[in-house]
Amino acid sequence: FFVWLNMAAEGGTDALPSQEPQLRPVDITPSGGWDTFYHWLCCVCVVTFDLELGQALETVLPADYALSDAEKANICYLAFPDSNSGCMGDTQYHFRIRSSGTGMGGTGVRHTRDHYGAPAVLLPDSGHYYGFVYFRQSKDADIKRGYFQKSVVLVSRLPYINLFTYLVQKIAPEYFSSGLPSLEAACYNMNQWPHPHPGEILQLPLLGFIVQPPLPPSL
């Protein structure tokens, strides 16, 4: 269902008690703000394993997206597979959690006009977040625990399962090989995308490629 052109687990759980993770400050706000990005995603999260905190939120882009403490705890908890002892390599899945805070992203009620005519099951869900996870685990003798364990999670209120599963499959490996600048570049790219409209086939630039996803048809 997607064309990639070269140009150059549902989870809802209650909040888990945890210490407040120390987020890596990242401020890459473009001069015009993130309004267009928010038509698609709420934020991109990087979750890592910390020896003292366990699964901890390392980075959130955009940095000022207002996740509640409960939402952060749930995203961290669900960003790793239930049993990852045998999950060597890369693992993908998605989850859904209840939204306990107000948030500030545009994939909620604020931009429902984008989706007039879409089937009800594909409208933005202001009561939940959808998380699209790309988890990587590999042996690493330089890490005290002996393993590299980290996830990239795309967080949206849009239930576009095929689209976001495909996007995280492209974004996360680039992050693991090139680091944070590749996530920043992906966010900048998405901030230039047109707004989603039911039934349209768009050409969306992402990390030097073009994605052509068919959006859900209108009724």
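Just the heavy atoms: all of them, side chains too, but no hydrogens, waters or symmetry mates, feed the values below. Note that this is a predicted model, so its numbers are computed, not measured.
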Undergrad: Using a strict threshold of under 4.0 Å (side-chain N to carboxylate O), is an ion pair present between D125 and R157?
TA: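 Judged by the 4.0 Å cut-off on N to carboxylate O distance, R157 and D125 do not form a salt bridge.
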Undergrad: If every non-hydrogen atom of P62 is compared with every non-hydrogen atom of C42, which pair is closest and at what distance?
TA: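 Heavy atoms of P62 and C42 come nearest at CD-O, 3.9 Å.
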Undergrad: Can you tell whether the side chains of R98 and E71 come within less than 4.0 Å, N to carboxylate O?
TA: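 No, R98 and E71 are not salt-bridged.
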Undergrad: How many angstroms lie between CD1 in I171 and CZ in F132, if you round to the nearest 0.5 Å?
TA: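 With rounding to 0.5 Å, CD1 (I171) is 12.0 Å from CZ (F132).
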Undergrad: Parallel, tilted or perpendicular for H39 and H195, by the 30°/60° rule?
TA: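 H39 vs H195 ring planes: parallel.
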Undergrad: Going by heavy atoms in the side chains, are L206 and L167 under 4.5 Å from each other?
TA: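 Side-chain contact under 4.5 Å: yes.
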Undergrad: Tell me, do W40 and L163 make a side-chain contact under 4.5 Å, heavy atoms counted?
TA: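 The answer is yes, as the side chains (C-beta and beyond) meet within the 4.5 Å cut-off.
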Undergrad: Do you know which of W34, F37, W193 makes ring-ring contact (aromatic ring centres under 6.0 Å, His included) with Y188?
TA: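 Exactly one pass, corresponding to W34.
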Undergrad: Working to the nearest 0.5 angstrom, can you tell me the gap between D69 CG and N74 CG?
TA: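 So the gap between those two atoms works out to 11.0 Å.
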Undergrad: Does the pair C43 and L61 meet the rule for a side-chain contact (heavy atoms from CB on, under 4.5 Å), with working shown?
TA: CA-CA 5 Å; C43 59; L61 298 176; over 6 Å; no
Undergrad: Over all heavy atoms of both residues, which pair between L207 and S182 is shortest? Give the atoms and the distance, please.
TA: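 For L207 versus S182, the nearest heavy atoms are CD2-O, 3.5 Å.
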Undergrad: Would R96 count as a cation-pi partner of Y129, with NZ or CZ less than 6.0 Å from the six-membered ring centre and within 45° of the ring normal?
TA: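 Geometry flag: not set, cation outside 6.0 Å or 45°.
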Undergrad: Ignoring hydrogens, what is the shortest heavy-atom contact between Y175 and V46? Give both atom names and the distance.
TA: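 Y175 and V46 have their closest heavy atoms at OH-CG1, 3.5 Å.
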Undergrad: Backbone N or O of Y77 within a donor-acceptor pair of the Q55 side chain at under 3.5 Å?
TA: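 Yes, because the side chain of Q55 sits within donor-acceptor range (under 3.5 Å) of the backbone of Y77.
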Undergrad: Do F49 and F148 come close enough that some side-chain heavy atom pair is under 4.5 Å?
TA: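 The answer is no; the side chains never approach within 4.5 Å.
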Undergrad: For N189 and G208, indicate whether the former's side chain and the latter's backbone hold a donor-acceptor pair under 3.5 Å.
TA: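 Not at all, since once roles are kept as given, no pair shorter than 3.5 Å links the two residues.
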Undergrad: Would a distance-only check, ignoring hydrogens and angles, find a side-chain to backbone donor-acceptor pair under 3.5 Å from Y166 to I161?
TA: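 No; zero donor-acceptor contacts below 3.5 Å.
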Undergrad: Identify the two heavy atoms, one from F135 and one from Q149, that lie closest to each other, and give their separation to 0.1 Å.
TA: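 Closest approach of F135 to Q149, heavy atoms only: CE1-CB, 4.3 Å.
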Undergrad: Check L57 against V47 and note the closest heavy-atom contact, atom names and distance.
TA: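 So the minimum-distance heavy-atom pair works out to CD1-CG2, 3.8 Å.
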Undergrad: What is the minimum heavy-atom distance between V133 and S151, and which atoms define it?
TA: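 Minimum heavy-atom contact is CG1-OG, 3.8 Å.
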Undergrad: Side-chain contact, heavy-atom cut-off 4.5 Å: Q92 with D90?
TA: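 No. Closest side-chain heavy atoms not under 4.5 Å.
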Undergrad: Heavy atoms, side chains only, cut-off 4.5 Å: are P194 and T36 in contact?
TA: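 No, too far: nothing below the 4.5 Å cut-off.
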Undergrad: For the residue pair Y130 and F164, is the inter-centroid distance of their aromatic rings smaller than 6.0 Å?
TA: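 Ring centres of F164 and Y130 not closer than 6.0 Å.
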Undergrad: Between the main-chain N or O of E174 and the side-chain N or O of S177, is there a donor-acceptor pair closer than 3.5 Å?
TA: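 Yes: the side chain of S177 pairs with the backbone of E174.
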Undergrad: Specify whether Y134 and F176 have parallel, tilted or perpendicular ring planes, treating 30° as the upper limit for parallel and 60° as the lower limit for perpendicular.
TA: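 Answer is tilted, since the angle falls between 30° and 60°.
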Undergrad: Determine whether H128 and I97 satisfy the following criterion, side-chain contact (heavy atoms from CB on, under 4.5 Å), listing intermediate values before the conclusion.
TA: CA-CA 5 Å; H128 295 86; I97 61 172; over 6 Å; no
Undergrad: Quick one: pull up NZ in K150 and CZ in R136 and give me the separation to the nearest 0.5 Å.
TA: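 Reported value, rounded in 0.5 Å steps: 11.0 Å.
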Undergrad: Do V155 and V44 have side chains that get closer than 4.5 Å, going by heavy atoms?
TA: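 They are not in side-chain contact.
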Undergrad: Is the shortest side-chain heavy-atom distance between V152 and C45 below 4.5 Å?
TA: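 No, every pair of side-chain atoms sits at 4.5 Å or beyond.
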